[in-house]
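In this chain, residues are counted from 1 in sequence order.
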Amino acid sequence: MEAPAQVRVQKSAATRTFIDWSAFDAGPDREARVFFEVLKADLLRSGWFASARAGQGEVRLLGDSRSGRRDVKADCRVLGKGSGASYLSKSYKGSNQEVTRLAHHAADEIIEAVTGKKGFSSTRIVMVGNRTGKKELYLCDADGQNLAQLTRDNSLSVGPNWAPDGRNIAYTAFLRRYPDVYMVDIMSGQRKVIAQYGGLNTGAAISPDGQDAALILSKDGNPELYVKNLSSGHLVQITRTKNAAEASPCWSPDGRDLVYVSDSSGRPQLYIVSRTGGAPRRLTSRGSENVAPDWGPSGLIAYASRVGGSFQICAIDPHSLQLKQLTSDYADYEDPSWAPDGRHIVCSRTESYRSSLYVLDTVEGTSLRLIDKAGDWYSPAWSPK
């Protein structure tokens, strides 16, 4: 595994809670130790905690983890050192094969109990990889572990986006040699068609209520933004831009608006439009090209902006238009996707024609390489839960 790239990120003031876990008793068996190590790594990765020396720290993790022939059990208590306040007291139990899932779940509950913030340890990330020589969809845990191939289309699969149920993924595939949009169930592997009109079918983004899909279709000639009801199939055309193309739609967290890319000004820029249509509002002006928007739970829109010859990740407030550049080095950073905590972003980083995935902490300004497996990795999307 090569060393993570050092990414210069605009920093904000961050406060970590120092946690003392010296009193937690991890049993001698492998699964018991794995539970504690994964839990500890998750809490540190969240950005909300830092390790304290034994007997110090603002909060203490108490309890133990034990494993038998088939099951693992962990008792976790989190107490305030000075006040003695109890933040969490809970037991976790499952099969030995579920030990990492249990630890991820415990980490998220501890993060929320102590900080009031949502964790992301239990989430998953879908991405495009070329390990087989074809671009297929893959899944991994939020820490990059348990990498597994999802599709075996033996074709070209691109643009994955999660449905709000955290189980279905919409994506574009060239199974018929033309781009069509499908939905795949990650549990059963079953796939169904969302859009198979004549011409281009791409850009599927499922609305926060799971009822509609935003799509880019060229069935009437020009690539335009549409919204399709997934139950009735009713289709509404949202944009009507002559001599231009739209791309990469994404829903606002409340489902009322859409951000998308259009080259109607001559270069790709971001625009916002109501889900019912109407006049779009141009969002970006800085950067020669602005693409791949993702509207995060905090209300900020992350996107890739061409700055000084390379793509860098930026975030903009769509109301105040306050903008900050999150990366600033020689590599190309593209396809940002927010974690459910509204703090972290996963994106692709391309250097010397090789691409991998990195997780950016937008508060502390740090980055970590997510995938250390052979192959190139692109277009990540973070699950909503």
Side-chain angles (χ1 to χ4, degrees), residues 156 158-161 170-174 177-181 194-207 212-229 234-252 255-295 300-319 321 323 332-337 347-348 378-379 381:
L156 176 62
V158 295
N161 280 305
Y171 71 107
T172 300
F174 289 70
R177 303 198 315 177
Y178 302 102
D180 296 320
V181 175
I194 293 181
Q196 204 173 62
Y197 303 98
L200 177 74
N201 301 271
T202 189
I206 309 302
S207 61
D212 301 290
L215 300 161
I216 302 298
L217 307 175
S218 66
K219 66 185 188 66
D220 296 318
N222 203 55
E224 301 282 3
L225 173 60
Y226 292 77
V227 170
K228 181 177 182 177
N229 184 272
H234 181 63
L235 196 64
V236 177
Q237 185 173 347
I238 303 299
T239 62
R240 300 178 187 275
T241 50
K242 296 180 180 180
N243 304 317
E246 329 294 17
S248 307
C250 178
W251 295 87
S252 62
R256 295 180 179 178
D257 298 298
L258 289 154
V259 61
Y260 65 99
V261 178
S262 176
D263 62 1
S264 57
S265 67
R267 291 276 190 169
Q269 297 291 341
L270 304 189
Y271 293 79
I272 291 178
V273 68
S274 168
R275 63 164 297 152
T276 59
R281 171 171 64 94
R282 181 168 168 173
L283 182 63
T284 55
S285 56
R286 178 180 177 270
S288 59
E289 298 179 43
N290 294 292
V291 297
D294 188 58
W295 209 324
L300 297 179
I301 297 173
Y303 60 99
S305 180
R306 185 177 287 278
V307 180
S310 62
F311 278 104
Q312 303 296 331
I313 303 301
C314 296
I316 188 171
D317 184 320
H319 303 292
L321 301 186
L323 180 151
D332 279 302
Y333 291 84
E334 299 177 89
D335 298 318
S337 177
C347 63
S348 65
Y378 319 86
S379 304

K.L.:
So do the side chains of Y260 and T239 get within less than 4.5 Å of each other, counting heavy atoms only?
P.N.:
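Yes, at least one pair of side-chain atoms sits under 4.5 Å.
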K.L.:
Does F174 have more than 12 heavy atoms from other residues, nucleotides or ligands lying within 6.0 Å of its CZ?
P.N.:
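Counting other residues, nucleotides and ligands, CZ of F174 exceeds 12 neighbours.
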K.L.:
Are side-chain heavy atoms of N161 and W251 found at a separation under 4.5 Å?
P.N.:
no
K.L.:
Can you tell me how far apart OG1 (T276) and CG (D257) are? Round to the nearest 0.5 Å.
P.N.:
8.5 Å
K.L.:
Rounded at 0.5 Å granularity, tell me how far OG in S274 sits from CD1 in I238.
P.N.:
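The OG atom of S274 sits 7.5 Å away from the CD1 atom of I238.
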K.L.:
Without swapping roles, check the side chain of N222 against the backbone of T241 for a donor-acceptor pair under 3.5 Å.
P.N.:
yes
K.L.:
Testing the 3.5 Å rule here: is there a donor-acceptor pair between the side chains of N290 and S305?
P.N.:
yes
K.L.:
Quick one about T284 and Q269 (side-chain donor to acceptor, distance below 3.5 Å, no hydrogens or angles considered), yes or no?
P.N.:
yes
K.L.:
What do you reckon, is CZ of R281 surrounded by more than 12 foreign heavy atoms closer than 6.0 Å?
P.N.:
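More than 12 heavy atoms, drawn from other residues, nucleotides or ligands, come within 6.0 Å of this atom.
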K.L.:
Working to the nearest 0.5 Å, report the span between CG of L258 and CD of E246.
P.N.:
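Interatomic distance, L258 CG to E246 CD, rounded to 0.5 Å: 11.5 Å.
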K.L.:
Spell out, as yes or no, whether a donor-acceptor pair under 3.5 Å connects the side chain of D263 to the backbone of A244.
P.N.:
no
K.L.:
Taking the side chain as every heavy atom from C-beta outward, state whether W295 and P318 have any pair of such atoms under 4.5 Å apart.
P.N.:
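With C-beta onward as the side chain, the pair touches.
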K.L.:
As an exercise, state the distance from CG of L225 to OG of S262, rounded to the nearest 0.5 Å.
P.N.:
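If we round to the nearest 0.5 Å, L225:CG and S262:OG are 10.0 Å apart.
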K.L.:
I want to check something: taking the side chain as every heavy atom from C-beta on, are S265 and Y271 in contact at a cut-off of under 4.5 Å?
P.N.:
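Result yes, sub-4.5 Å side-chain heavy-atom pair found.
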K.L.:
Show your working on side-chain contact (heavy atoms from CB on, under 4.5 Å) between I301 and I272 and close with a plain yes or no.
P.N.:
CA-CA 11 Å; I301 297 173; I272 291 178; 4.2 Å; yes
K.L.:
Run V227 and L235 through side-chain contact (heavy atoms from CB on, under 4.5 Å) and show every step you take.
P.N.:
CA-CA 6 Å; V227 170; L235 196 64; over 6 Å; no
K.L.:
Side-chain contact, heavy-atom cut-off 4.5 Å: K228 with L217?
P.N.:
no
K.L.:
Which value, rounded to the nearest 0.5 Å, describes the distance between S264 atom OG and R282 atom CZ?
P.N.:
7.5 Å
K.L.:
Can you tell me how far OH of Y378 sits from CD of E334, rounded to the nearest 0.5 angstrom?
P.N.:
10.5 Å
K.L.:
Which of these, L215, V181, L200, sits in a side-chain contact (heavy atoms from CB on, under 4.5 Å) with T172?
P.N.:
V181
K.L.:
Less than 4.5 Å apart, side chain to side chain, heavy atoms only: is that true for Y226 and D220?
P.N.:
yes
